[in-house]
> 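Can you read through this structure? Questions will come right after.
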Amino acid sequence: MAIKHFLQFSDFTLDEFEYVMGRARLIKRKFKNYEPHPTLADRTLVMVFEKNSTRTRLSFEAGMHQMGGAAIYLNTRDSQLGRGEPVEDAAQVMSRMCDVIMIRTFGQEIIERFAANSRVPVINGLTNEYHPCQVLADVFTFIEHRGSIAGKTVAWIGDANNMLYTWLQAAEVFDFHVNVSTPAGYPIDPALAIADKSRYTVFADPADACAGAHLVNTDVWTSMGFEEENAARLKAFDGWIVDAAKMARAKSDALFMHCLPAHRGEEVAAEVIDGPQSVVWDEAENRLHVQKALLEYLVLGRLA
């Protein structure tokens with residue numbers, strides 16, 4: 001049986017996502033009721049971090065423990081990977097000692113090479129190109145609050161980054177549309193854009209991108225690895241803050257999301273992220289529940 005990996009959002013079909021989300025609903029309900037769910041007892045997750053993390057480490061580590069398994073943290077600065085061991089060799093060794101591996105790194109090609117040499121499932125905890133676990137949690141959160149996301153409009157305001165490229169893939173899978181507004185000089189990379197251009201529309205004015213949206217989404221203007229561009233980005237992104245005026249252009253019941261950490265006064269106004277339309281805390285918590293379901297599915301397959 002071929003090993004199933006989750007390296008980008010398009011790796012799963014709609015049917016697979018619907019199964020995982022169904023399990024996530026069950027797992028979340030049991031978590032809230034303090035009911036044990038030890039389906040991964042005696043299983044081990046190895047977490048490899050080349051980029052810093054709060055939510056990714058906490059959600060994967062806590063989730064694995066809550067399902068009866070163990071989670072081992074490795075930072076490339078403290079392992080042989082940080083001393084030049086080939087990714088392929090590391091994958092061969094690590095995958096013989098655990099049941100599933102999560103990697104948070106820079107280039108997508110690193111995780112692709114790792115997965116190609118792994119004997120166990122590999123999960124993308126974030127790369128420069130994609131952030132599939134976050135968007136899985138985001139779509140789950142939208143469905144929790146508003147029902148099906150099919151046919152809806154998601155506004156993306158800000159950087160053309162790993163979050164946007166993952167939202168574009170999600171639009172193809174879940175049948176919704178993305179309104180995109182990025183500042184001049186920071187357009188969508190054609191190499192990372194989806195083939196179906198009808199799934200998204202690009203707007204020069206971010207307020208226009210919010211018009212009629214069911215969900216307004218943004219992220220920090222300077223992602224990890226681009227810190228040296230911070231000053232230039234702050235200037236270029238002036239006007240791309242998601243504020244009350246932009247939210248007023250969206251549907252009256254539109255939700256606001258942000259994958260966090262957030263910088264109030266830069267990409268989002270405090271009145272929005274701390275306001276009644278914001279679901280960022282539910283969104284953050286749901287990383288735990290959807291990733292538990294994801295781990296379970298990749299390790300055990302479908303359960304009756």
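Along the sequence shown, residues carry numbers from 1.
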> Using every non-hydrogen atom in the two residues, find where Asp205 and Ser181 come nearest and quote the distance to one decimal.
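Answer, listing the atom of Asp205 first, then Ser181: C-OG, 3.6 Å.
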> Roughly how far, to the nearest 0.5 Å, is the CE atom of Met257 from the OG1 atom of Thr141?
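Thr141 OG1 to Met257 CE: 5.0 Å, rounded to 0.5 Å.
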> Check the pair Val216, Gln277 against side chain to side chain contact (heavy atoms under 4.5 Å, CB included), reporting the backbone distance first and the verdict last.
CA-CA 10 Å; Val216 178; Gln277 291 174 280; over 6 Å; no
> I'd like to know if Met67 and Met47 are part of one continuous hydrophobic network [Ile/Leu/Val/Met/Phe/Trp/Tyr, side-chain heavy atoms within less than 4.5 Å].
yes
> With the side chain counted from C-beta on, respond yes when Pro261 and Thr54 share a heavy-atom pair under 4.5 Å apart, and no when they do not.
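A side-chain contact is absent here, since even the closest heavy-atom pair is not under 4.5 Å.
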> Are His258 and Asp219 close enough, and set up right, to give a side chain to side chain contact (heavy atoms under 4.5 Å, CB included), and what steps lead you there?
CA-CA 6 Å; His258 190 306; Asp219 194 2; 3.9 Å; yes
> Any heavy-atom pair between the side chains of Glu266 and Arg233 that's under 4.5 Å?
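The answer is no; the side chains never approach within 4.5 Å.
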> More than 12 non-hydrogen atoms from neighbouring residues, nucleotides or ligands closer than 6.0 Å to CG on Asp15, yes or no?
yes
> If you round to the nearest 0.5 Å, how far is CD1 of Ile103 from CE of Met94?
7.5 Å
> Which heavy-atom pair separates Asn124 from Pro132 by the least distance, and what is that distance?
ND2-CD, 3.6 Å
> Given the rule in the side chain to side chain contact (heavy atoms under 4.5 Å, CB included) test, do Val46 and Leu74 qualify, once you have shown the distances and angles that lead to the verdict?
CA-CA 7 Å; Val46 168; Leu74 291 178; 3.9 Å; yes
> Keeping the roles fixed (side chain from Asp189, backbone from Ala191), state whether a donor-acceptor pair exists under 3.5 Å.
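Flag set: sc Asp189 to bb Ala191 pair under 3.5 Å.
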> Would a hydrophobic clustering, with Ile, Leu, Val, Met, Phe, Trp and Tyr connected at side-chain separations under 4.5 Å, put Leu45 with Val122?
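No, Leu45 and Val122 fall in different hydrophobic clusters.
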> Counting distance only, does the side-chain N/O of Asp11 pair as donor-acceptor with the main-chain N or O of Gln8 below 3.5 Å?
yes
> Are any of the side-chain heavy atoms of Leu255 and His214 separated by less than 4.5 Å?
no
> Do His37 and Lys292 make a side-chain contact, defined as non-hydrogen atoms from C-beta onward lying under 4.5 Å apart?
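His37 does not reach Lys292 side chain to side chain.
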> Are the side chains of Arg146 and Leu215 in contact, using a 4.5 Å heavy-atom criterion?
no
> Tell me if the centroids of the rings in Phe140 and His289 come within less than 6.0 Å of each other.
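They do not qualify: ring centres at least 6.0 Å apart.
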> Using every non-hydrogen atom in the two residues, find where Pro206 and Ile157 come nearest and quote the distance to one decimal.
O-CD1, 3.5 Å
> Nearest heavy-atom pair of Ala293 and Arg23: which atoms, and what distance?
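Smallest heavy-atom distance, with atoms named: CB-CB, 3.9 Å.
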> Would you check if the side chain of Lys51 reaches a backbone N or O of Phe106 as a donor-acceptor pair within less than 3.5 Å?
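Side chain of Lys51 to backbone of Phe106, a donor-acceptor pair under 3.5 Å: no, none is there.
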> With no hydrogens and no angle check, is any side-chain donor or acceptor of Asp175 less than 3.5 Å from a backbone partner on Ala150?
no
> If you measure from the Lys or Arg side-chain nitrogens to the Asp or Glu carboxylate oxygens, is any gap between Arg113 and Glu109 under 4.0 Å?
yes
> Decide if the gap between the ring center of Phe9 and the ring center of Tyr130 is smaller than 6.0 angstrom.
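Aromatic pair excluded; centres sit 6.0 Å or further apart.
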> Looking only at side-chain N and O atoms, does Thr218 offer a donor or acceptor that is under 3.5 Å from a partner on Glu267?
no
> Check whether more than 12 heavy atoms from other residues, nucleotides or ligands sit under 6.0 Å from atom CG of Asp238, and answer yes or no.
no
> So, the side chain of Ser118 versus the backbone of Phe114: is there a donor-acceptor pair under 3.5 Å, distance only?
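Absent.
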> To check you understand the geometry: which heavy-atom pair defines the closest contact between Val242 and Val272, and what is its length?
O-CG2, 3.6 Å
> Measure the CE-CD1 distance between Met21 and Ile143 for me, rounded to the nearest 0.5 Å.
4.5 Å
> At what distance, to the nearest 0.5 angstrom, does NZ of Lys28 lie from CG of Leu26?
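If we round to the nearest 0.5 Å, Lys28:NZ and Leu26:CG are 13.0 Å apart.
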> Transitively linked via ILVMFWY side-chain contacts under 4.5 Å: Leu298 with Tyr19?
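Both belong to a single hydrophobic cluster.
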> Taking the side chain as every heavy atom from C-beta outward, state whether Leu164 and Asp159 have any atom pair closer than 4.5 Å.
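No, side chains not in contact.
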> Out of Glu16, Arg302, Lys4, which residue meets the side-chain hydrogen bond (donor to acceptor under 3.5 Å, both in side chains) rule with Tyr297?
Glu16
> Under 3.5 Å, side chain of Asp89 to main-chain N/O of Gln92, donor-acceptor pair present?
no
> Is the backbone of Gln108 close enough, under 3.5 Å, to the side chain of Glu129 for a donor and an acceptor to pair up by distance?
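Pair found, side chain donor or acceptor close to backbone of Gln108.
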> Does Ala155 offer a backbone N or O that forms a donor-acceptor pair with the side chain of Asn179 under 3.5 Å?
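Flag not set: sc Asn179 to bb Ala155 has no pair under 3.5 Å.
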> Hydrophobic clustering (ILVMFWY, side-chain heavy atoms < 4.5 Å, transitive) - are Ile273 and Val220 grouped together?
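No, it is not one cluster - the side chains of Val220 and Ile273 are not joined through contacts under 4.5 Å.
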> Counting only heavy atoms not in Lys197, do more than 12 fall under 6.0 Å of its NZ?
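Enclosed: over 12 neighbouring heavy atoms sit under 6.0 Å from NZ of Lys197.
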> If the threshold is 4.0 Å, N to carboxylate O, is there a salt bridge linking Glu285 and Lys32?
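Judged by the 4.0 Å cut-off on N to carboxylate O distance, Glu285 and Lys32 do form a salt bridge.
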> For the atom pair SG (Cys259) and CG (Asn161), what is the distance rounded to the nearest 0.5 Å?
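Result: 7.5 Å between the selected atoms.
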> Given the side-chain rings of Phe49 and Phe60, with only the six-membered ring counted for Trp, is the space between their centroids under 6.0 Å?
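No, the ring of Phe49 stays outside the 6.0 Å limit from the ring of Phe60, centre to centre.
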> Is the closest side-chain heavy-atom distance between Trp156 and Asn217 below 4.5 Å?
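Sidechains of Asn217 and Trp156: in contact.
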> Within the 4.5 Å heavy-atom criterion, are Tyr165 and Ile188 side-chain neighbours or not?
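Of all side-chain heavy-atom pairs linking Ile188 with Tyr165, at least one is under 4.5 Å.
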> Using modelled atom types and a 3.5 Å cut-off, is there a donor and acceptor pairing between side-chain atoms of Gln169 and backbone atoms of Ser10?
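Pair found, side chain donor or acceptor close to backbone of Ser10.
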> Assess whether atom NZ of Lys251 is packed by more than 12 heavy atoms of other residues, nucleotides or ligands within 6.0 Å.
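Open.
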> Hey, any chance Phe31 and Leu40 share a hydrophobic cluster, counting ILVMFWY side chains that come within less than 4.5 Å of each other, even indirectly?
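Looking at the clustering, Leu40 is in a separate group from Phe31.
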> Rounded to the nearest 0.5 Å, how far does CD of Gln291 lie from CE of Met64?
12.5 Å
> Below 30° counts as parallel, above 60° as perpendicular, anything between as tilted: where do the rings of Trp167 and Phe176 land?
perpendicular
> Take Thr127 and Ile110 through the side chain to side chain contact (heavy atoms under 4.5 Å, CB included) test and state the conclusion after the steps.
CA-CA 9 Å; Thr127 61; Ile110 296 172; over 6 Å; no
> Could you check Asn162 against Gln134 for side chain to side chain donor-acceptor pair (under 3.5 Å), going step by step and ending with a plain yes or no?
CA-CA 10 Å; Asn162 51 11; Gln134 180 64 59; over 6 Å; no
> Which heavy-atom pair separates Asp99 from Val299 by the least distance, and what is that distance?
O-CG2, 4.1 Å
> Taking His177 for the side chain and Arg199 for the main chain, is one N or O donor matched with an acceptor at less than 3.5 Å?
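Judged by distance alone, yes, a pair lies under 3.5 Å.
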